[in-house]
Amino acid sequence: MIRVLALVAAYLTASCGPGRAGPPFPTYASDYLTQMVCVDRHNLPLPTDPVTCPGSRRKLKIGEPLPYHKVDFTRGQISDSYPIADVNGISRGIQTYFYVSDLATNPLFPNMVHFNPENGGYNILGADRENAYFRGTFDQGGGWQPWWTGDCRAAGWLLFPSGNAAFTPGAKASPTQNAATCQERINAVASTVEWSHAPQQRYESDKVLDTLKVVHFAPGYASAEFNYFTREYGVTRWEAWRQGTGKTSEVVRLQCPTGPHDLILHGKAFYMADCHDWSVIMPRATPWDPDGRSPIDPRAPTWPVDPLYTGSNRLQHGYLPSHPDVECTASPWTLSRNLRLSWLDAAPWSGNGNCTAVITATSHSGYGSLSQTILPRLGDTKLSFGSLIWTPGATGRAAIELVELDREGREFASSVIRVDLTRRPQMFTGQLQLSGKATSLRYQIVPLTPGVGVAVTGSFVTD
């Protein structure tokens, strides 16, 4: 649902004056994926619009807090495009979606931008030598959605070629699909992508920016999505189009008033069904650290990144997915006999082949767990772990544990997170310093409040 909202004045100050940013012609189109920053004489970021400092700006660095946010024209949604580290060198950044109305809704993140899986989400931006692409997404409608190719690479939604070919109009099939051999499968539809170079693209902020423009068409040109990429801001604008004319709502006209609101694409009439233009800059008094943690509970990360996109997940089926159109199954997880298992049937926690387990302790007599056993690797010294976890029906408590086991399967060391849960889905994470003596490891989620179901998904163990 689109909201037109006023910003909390004390939070940030917006600047959206006219600007004009010209090339030089870039070497790599992948330079258009993440945003830039103005810098001082010590090369430190400034809370200034990078459009205004063409002679003293650079790309935001991995791990560097953001000195400004990008917000849409109605000041209702923040969407940043910042770089991330990936041991495989493929993931280049994250595009976030956060509604300003949620600044005051999560007590763990008071007046802070944070990942809210029920109202917002993200895209994972990737690039290799051939193409730039969205590797996956998370939104309140479909939840966790990696975009697979037929050979099980999370590289399914192509954007444009990585090199100078992106600045010549082109098109190709974007082979997102149900990849039948991939471990984590979802329902997806193939699309066609077209790209073009718009060196003088005007945005709602009245800025004119050198732009790569990307259009994805559903099969048969039934619908379309436009994405606009700039060197200064990364992902700068998004539009959704449906077949028909004159149907653009007043809300969408407020969000993107300059339009156009009707187009002819491949001989078919389309109207603008949705739009966000994030070319307004909101300087931060204190830089925002997406890699930071809640000031209330440091076990809650500000914007967690799924290790599928940055390294590897030691767990199998961390999102408990089913095969498309097949019932959910906990395998290869193990459920204790004294726990009751059900499946959450509500968006975004079901559908697209994803499943969310709800585990309930039936009594106080012994605590059971949903668990998975994995093997340590040579050279392991410290592992990170976590789960997206909450109680859909009431408040309760749970423990998230990573345990070292000896040859007889006996526990001899562990890292345990005990958390108070509410109806709000929240990622909690921890770390285990390994002894080097374990022959196996067990990851487990333990509901601690009898009769209260604990929803679990998005579990991981990683380096």
Side-chain angles (χ1 to χ4, degrees), residues 12-73 75 78-86 91-96 98 113 123 125-127 132 159-160 162-164 166-167 197-214 227-238 276-292 303:
L12 294 167
T13 302
S15 172
C16 60
R20 192 173 289 265
F25 204 78
T27 303
Y28 296 105
S30 54
D31 290 340
Y32 285 58
L33 296 179
T34 58
Q35 60 205 67
M36 303 183 80
V37 290
C38 296
V39 294
D40 63 15
R41 61 189 182 91
H42 301 293
N43 202 34
L44 298 176
L46 298 171
T48 307
D49 188 342
V51 170
T52 66
C53 59
S56 56
R57 66 185 184 184
R58 58 167 171 79
K59 282 293 182 182
L60 189 71
K61 297 178 181 178
I62 293 173
E64 200 169 44
L66 282 67
Y68 66 88
H69 286 304
K70 299 186 286 114
V71 67
D72 67 2
F73 189 65
R75 318 301 201 272
I78 291 170
S79 181
D80 293 311
S81 304
Y82 61 88
I84 58 173
D86 173 15
S91 293
R92 301 299 180 87
I94 290 183
Q95 178 201 3
T96 64
F98 180 83
V113 172
N123 287 326
L125 303 159
L159 297 171
F160 43 75
S162 293
N164 281 342
F167 300 93
H197 181 215
Q200 297 290 310
Q201 179 70 42
R202 187 174 296 277
Y203 289 87
E204 301 299 341
S205 59
D206 205 31
K207 297 168 187 173
V208 178
L209 303 177
D210 185 57
T211 299
L212 286 174
K213 187 175 178 179
V214 177
N227 283 279
Y228 298 73
F229 297 81
T230 64
R231 290 174 302 151
E232 291 78 11
Y233 300 144
V235 188
T236 308
R237 182 180 170 104
W238 169 83
H276 288 279
D277 182 310
W278 305 288
S279 62
V280 176
I281 296 308
M282 302 170 63
R284 292 274 313 181
T286 302
W288 178 65
D289 184 5
D291 298 325
W303 207 283

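Residue numbers start at 1 and run along the sequence shown.
The two residues Gly163 and Ala29 make their nearest non-hydrogen contact at O-CB, 3.7 Å. Contact between Pro50 and Met36 at its shortest, heavy atoms only, is CG-O, 3.5 Å. Scanning both residues, Pro199 and Asp210, for their nearest heavy atoms gives CA-OD1, 3.2 Å. Heavy-atom minimum distance, Ala132 versus Ser162: N-OG, 3.5 Å.
Checked by atom type and distance alone, the side chain of Ser81 never pairs as donor or acceptor with a backbone atom of Gln35 at under 3.5 Å. Under a 3.5 Å cut-off, the side chain of Lys70 and the backbone N or O of Thr236 do not form any donor-acceptor pair. Put simply, the side chain of Arg57 never gets that close to the backbone of Gly55: no donor and acceptor are under 3.5 Å apart. Judged by distance alone, with hydrogens and angles left aside, the side-chain atoms of Ser79 form a donor-acceptor pair with the main-chain N or O of Thr96 at under 3.5 Å. No donor-acceptor pair under 3.5 Å is formed between the side chain of Lys207 and the backbone N or O of Val51.
By the 30° and 60° cut-offs, the orientation of the rings of Trp303 relative to Trp288 is perpendicular.
Here the side chains of Gln95 and Trp278 are in contact, with some heavy-atom distance below 4.5 Å. Between Tyr203 and Val280 the shortest side-chain heavy-atom distance does not fall below 4.5 Å. Taking 4.5 Å as the limit, every side-chain heavy atom of Arg284 sits out of range of all side-chain heavy atoms of Pro47. You'll find the side chain of Asp49 reaches within 4.5 Å of the side chain of Tyr233, heavy atoms only. The shortest side-chain heavy-atom distance between Lys59 and Pro83 does not fall under the 4.5 Å cut-off. With contacts defined as side-chain heavy-atom distances shorter than 4.5 Å, the pair Asn227/Trp238 qualifies. Residues Asn43 and Arg58 form a side-chain contact, since some pair of their non-hydrogen atoms from C-beta on lies under 4.5 Å apart. Pro290 is listed as a side-chain neighbour of Leu66, based on a closest heavy-atom distance under 4.5 Å.
To the nearest 0.5 angstrom, Thr34 atom OG1 is 13.0 Å from Lys61 atom NZ. The distance from the CD1 atom of Ile78 to the CE atom of Met282 is 4.5 Å, given to the nearest 0.5 Å. To the nearest 0.5 Å, atoms OG (Ser30) and CG (Leu159) are separated by 11.0 Å. From Leu212, atom CG reaches atom CZ of Arg231 across 10.0 Å, with rounding to the nearest 0.5 Å. To the nearest 0.5 Å, atoms CD (Gln201) and OG (Ser279) are separated by 10.0 Å. Annotation: the span from Asn123 atom CG to Leu33 atom CG amounts to 11.5 Å, rounded to 0.5 Å.
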- Task: Start with the C-alpha distance between Tyr228 and Lys213, add both sets of side-chain angles, then the distance that settles side-chain contact (heavy atoms from CB on, under 4.5 Å), and finish with yes or no.
- Result: CA-CA 5 Å; Tyr228 298 73; Lys213 187 175 178 179; 3.5 Å; yes

- Report the C-alpha distance between Ile94 and Tyr82 in whole Å, list the side-chain angles of each, state the deciding distance to 0.1 Å, and finish with yes or no for side-chain contact (heavy atoms from CB on, under 4.5 Å). CA-CA 6 Å; Ile94 290 183; Tyr82 61 88; 3.8 Å; yes

- Message: Between Leu125 and Val235, is the side-chain contact (heavy atoms from CB on, under 4.5 Å) condition met? List the steps.
- Response: CA-CA 10 Å; Leu125 303 159; Val235 188; 4.1 Å; yes

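Classification of Asp277 and Arg237 as a salt-bridged pair holds, one side-chain N sitting under 4.0 Å from a carboxylate O.
Between Phe167 and the choices Phe229, Phe160, Tyr32, the ring pair (Phe, Tyr, Trp, His ring centres under 6.0 Å) rule is met once, by Tyr32.
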